[in-house]
S.K.: 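A single structure is presented below for examination.
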Amino acid sequence: MHVYELNHETQEELEKIQNNLLLEVKNLSLTIERFGKGWTRERLYVIRDFHLKIHHGEVVAIVGASGSGKSLLADAILGIHPKNSIVDGMIKYENELLTEKRRKRLRGNDILLIPQMTNALDPLMKVGKQVKTLMKQNNHQKAVKQIFQKVGLDPDVYDQIPSACSGGMIRKIFIAMALASEAKLIIADEPTNGLDYESIDEMLFQIKMLEKDNKGVIMITHDLEAAMKVADKIAVFYAGETVEVVDKKHLKKGGKFRHPYSRALWNALPQNGFIAIDSTQPSATEKLTGCSFAKQCPKATKKCKIEKPLLKEISHDEMVRCFYAGM
Amino acid sequence: MQLLNIGKFILLRTLKFAILLFAVVLFSFILVSFSPVDPIQSYLGAEMMVVSEEQKERLAEYFGVDESKTQQFLNWLNMFLHGDLGTSLLYRQEVIAVIQERFLASFVLMAISWIISGIFGYALGVIAGMNKGTMIDKAIKSFCFILASTPAFWIGILLLIVFSLWLGWFPIGLSLPIGMLAEEVTVWDWLKHIILPALTLSIIGVSNITLHTRQKVMDVLESEFIRFARSKGEEGFRLFARHGLRNTLFPAISVHFASFGELFGGAILAEQVFSYPGLGQAIVQAGMNSDVPLLLGIVVFSTLFVFIGNLLADLLYYLIDVRMKNGETI
Ligand SMILES: Nc1ncnc2c1ncn2[C@@H]1O[C@H](COP(=O)(O)OP(=O)(O)OP(=O)(O)O)[C@@H](O)[C@H]1O
Ligand code: SF4
Ligand SMILES: [Mg+2]
């Protein structure tokens with residue numbers, strides 16, 4: 001059935017790629033337990049089976065619909081998920097298992113979150129000070145002001161409190177935080193949210209700036225277009241699963257997305273015909289038997305409703321989860 | 001711009017206060033008018049028997065109690081607007097002098113209680129809020145709910161029974177002779193005097209600020225900026241000291257200022273139970289003896305006191321609000 005050949009990298013090449021690996025996530029799931037009606041307990045399968053690989057100096061976009069659990073995904077990787085949730089799966093950071101203890105050490109040092117919400121800064125603390133605390137070196141204030149200039153902020157913003165800053169400014173402050181820290185992995189949650197067209201490009205440029213710093217950037221977004229502009233790889237997230245990981249080189253060479261859902265997203269872009277997609281996703285309370293996309297998929301067969309397609313590797317880090325991928 | 005706003009705000013509040021004050025004074029006057037107690041009789045006390053009718057009439061004229069009630073009220077109002085609160089029948093002194101002396105005593109009592117209940121209330125609130133849903137939280141919450149529905153005098157009597165009756169640490173009915181001069185009171189006398197009423201008021205005052213702080217701490221802990229701080233590796237006490245303290249302390253202080261009304265109300269009862277010579281005790285005596293000038297004087301004063309507390313609370317809240325108003329979620 002499968003139309004793609006695995007690339008046959010040499011042993012040496014494989015090793016090099018492996019050594020450069022920054023974060024690897026396999027079979028990640030996050031389940032929220034809460035009280036439903038009456039005294040019944042309800043389980044929300046927000047993340048069911050998530051996979052991701054990211055290397056040093058690489059931007060990987062995670063594209064998924066609003067409310068599909070992308071922010072919780074970031075929480076799960078950082079280990080700051082809600083108390084009433086259970087996280088399972090395997091996460092490796094720089095080829096070493098990410099234990100709870102190690103996570104604590106890495107949070108804010110090696111791994112930094114750029115939050116989705118612009119109210120994530122302490123409302124009563126000067127923004128400059130909030131950036132400063134992430135720095136290791138001395139002579140903070142001057143260094144912070146230099147970074148502010150680099151991201152297009154007035155150095156005087158240093159002494160302001162968050163309520164004096166616009167949403168766009170706060171997003172720049174977040175980028176300044178990422179630059180100020182020595183983090184190797186940045187998880188940027190919807191960094192372009194609420195920005196106008198021009199500011200989006202500016203933001204994407206700044207994400208590229210982080211990449212040039214040899215940081216790995218996971219950009220979480222619902223905006224496929226922005227993802228296409230900046231990412232080296234795109235992971236498509238649907239119903240709590242990675243349904244596809246595609247290399248931008250493949251798309252640049254004229255290749256198409258391989259999964260029907262990704263294709264639907266692609267076709268929904270204005271320049272590709274604006275074909276609206278049915279945005280309903282299986283409810284998080286449902287236990288899925290067949291393919292999660294079966295109800296919406298134009299190519300669905302009987303098999304899709306009964307059997308669950310596995311995530312298959314196409315090349316070293318391209319993957320797709322569909323029986324009829326690419327057809 | 002902001003200063004102008006604050007100025008306008010204070011002006012508006014003061015205007016409202018003037019209206020409120022008038023209503024409160026009028027209401028108090030009407031209430032005391034219904035009192036069957038004859039002010040002349042209470043002024044003369046035991047001497048009632050030896051004073052002639054003629055002299056009594058002259059006294060009535062002197063105090064202005066022979067005129068119609070409406071006229072009496074207008075007279076008082078007129079005097080008040082000229083800055084004169086009149087003379088207390090009971091104390092045979094200027095009302096302002098009585099209030100000064102009494103308020104100092106009450107102020108010390110209330111200030112001590114206010115600070116103690118503030119510190120303990122805030123601390124308990126933080127502990128409960130940070131341990132939401134645990135046994136500690138439940139215990140603190142229940143304690144506050146019980147306190148909130150317990151009258152101050154009841155707690156006072158309870159303390160009196162335990163500490164004075166059972167333990168014998170403090171004498172019962174430990175009032176100083178009314179005429180005792182301030183210089184004659186030793187620090188120890190004074191301490192013995194103030195501990196139980198202050199304890200009563202402190203216990204009563206804890207509930208409100210604890211419950212409020214608990215809620216505020218819970219809200220703050222669920223806020224985006226705490227989540228972000230956690231993602232940066234901050235946790236536990238350091239996290240709270242860094243981001244939780246300021247964000248919960250100012251609202252707590254504000255709420256505590258707003259509790260001046262309850263504080264004063266509690267003080268009246270506690271002073272009564274412990275015979276503490278403060279304003280609260282004086283207002284009760286004034287009411288019982290139809291000492292209208294003193295009663296109205298204290299009413300004016302206490303209304304002002306509560307007003308200042310509320311004004312401070314609102315100002316503080318306004319200032320925090322201006323700072324906190326963050327770019328809404330995008
Ligand atoms: N602490 C929680 N308890 C229960 N449900 C939660 C909790 N946090 C999130 N959820 C639910 O999980 C789902 C996923 O939330 P999440 O914020 O991760 O989505 P998202 O993809 O980031 O959405 P958005 O596009 O709005 O950023 C939502 O339906 C949300 O209501
Ligand atoms: S497995 Fe079937 S239902 Fe699922 S995406 Fe592929 S074709 Fe569609
Ligand atoms: Mg989100």
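Since the structure is predicted, the reported quantities are computational estimates derived from the model, not experimental observations. All chains are named by letter (A, B, ...) in the order of the sequence lines, taking the proteins before the strands, and each is independently numbered beginning at 1.
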S.K.: Tell me, side chain or backbone of A:Ile187 under 4.5 Å from chain B's heavy atoms, or both, or neither?
M.R.: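 Contact with chain B is absent: no heavy atom of A:Ile187 under 4.5 Å.
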
S.K.: Could you tell me whether a side-chain N or O of B:Arg246 sits under 3.5 Å from a main-chain N or O of A:Leu124, the two making a donor and an acceptor?
M.R.: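 Pair found, side chain donor or acceptor close to backbone of A:Leu124.
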
S.K.: Determine whether B:Asn247 and A:Pro123 make a side-chain contact, defined as any pair of heavy atoms from C-beta on separated by less than 4.5 Å.
M.R.: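 Side-chain contact under 4.5 Å: yes.
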
S.K.: Within the structure provided, determine whether B:Phe228 and A:Met177 are in side-chain contact (heavy-atom separation under 4.5 Å).
M.R.: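 Yes, at least one pair of side-chain atoms sits under 4.5 Å.
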
S.K.: Of all of B:Glu234, B:Arg230, B:Lys232, which one pairs up most often with chain A through heavy atoms under 4.5 Å apart?
M.R.: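 Maximum pair count with chain A is reached by B:Lys232.
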
S.K.: With a 4.0 Å cut-off, would you call A:Asp122 and B:Arg242 a salt bridge?
M.R.: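 B:Arg242 and A:Asp122: not salt-bridged.
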
S.K.: Measure the spacing between CG of A:Leu121 and NE2 of B:His243 and express it to the nearest 0.5 Å.
M.R.: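 Spacing of CG (A:Leu121) from NE2 (B:His243) equals 9.5 Å.
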
S.K.: Flag yes if more than 12 heavy atoms outside A:Lys136 fall under 6.0 Å of its NZ atom; otherwise flag no.
M.R.: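 Yes, enclosed.
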
S.K.: Please flag which part of A:Leu113 lies under 4.5 Å from any non-hydrogen atom of chain B: side chain, backbone, both or neither.
M.R.: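 Backbone plus side chain of A:Leu113, per the 4.5 Å heavy-atom cut-off to chain B.
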
S.K.: Is it the case that over 12 heavy atoms from other parts of the model lie below 6.0 angstrom from the CD atom of A:Glu100?
M.R.: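 Count over threshold, so yes.
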
S.K.: Does atom OH of A:Tyr158 have more than 12 heavy-atom neighbours from other groups under 6.0 Å away?
M.R.: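 Enclosed.
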
S.K.: Quick one: of A:Thr133, A:Ile111, A:Asn109, who has the most non-hydrogen atom pairs under 4.5 Å with chain B?
M.R.: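 Top option by heavy-atom pairs under 4.5 Å: A:Thr133.
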
S.K.: Between OG of B:Ser231 and CG of A:Leu78, what distance do you get to the nearest 0.5 Å?
M.R.: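 If I round to the nearest 0.5 Å, the distance is 6.0 Å.
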
S.K.: Quick one: does B:Arg227's side chain get under 4.5 Å of A:Asp75's, heavy atoms only?
M.R.: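 Yes, close enough: below the 4.5 Å cut-off.
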
S.K.: For atom CZ of B:Phe120, is the number of surrounding heavy atoms from other residues, nucleotides or ligands below 6.0 Å larger than 12?
M.R.: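 Count not over threshold, so no.
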
S.K.: Counting only heavy atoms not in B:Phe9, do more than 12 sit closer than 6.0 Å to its CZ atom?
M.R.: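 Yes, enclosed.
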
S.K.: Is A:Lys229 atom NZ crowded by more than 12 heavy atoms from other residues, nucleotides or ligands, each under 6.0 Å away?
M.R.: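 It does: A:Lys229 NZ has more than 12 such atoms within range.
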
S.K.: If I measure from the heavy atoms of chain A, does B:Glu235 come under 4.5 Å with its side chain, its backbone, both, or neither?
M.R.: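 Answer is side chain: those atoms of B:Glu235 sit under 4.5 Å from chain A.
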
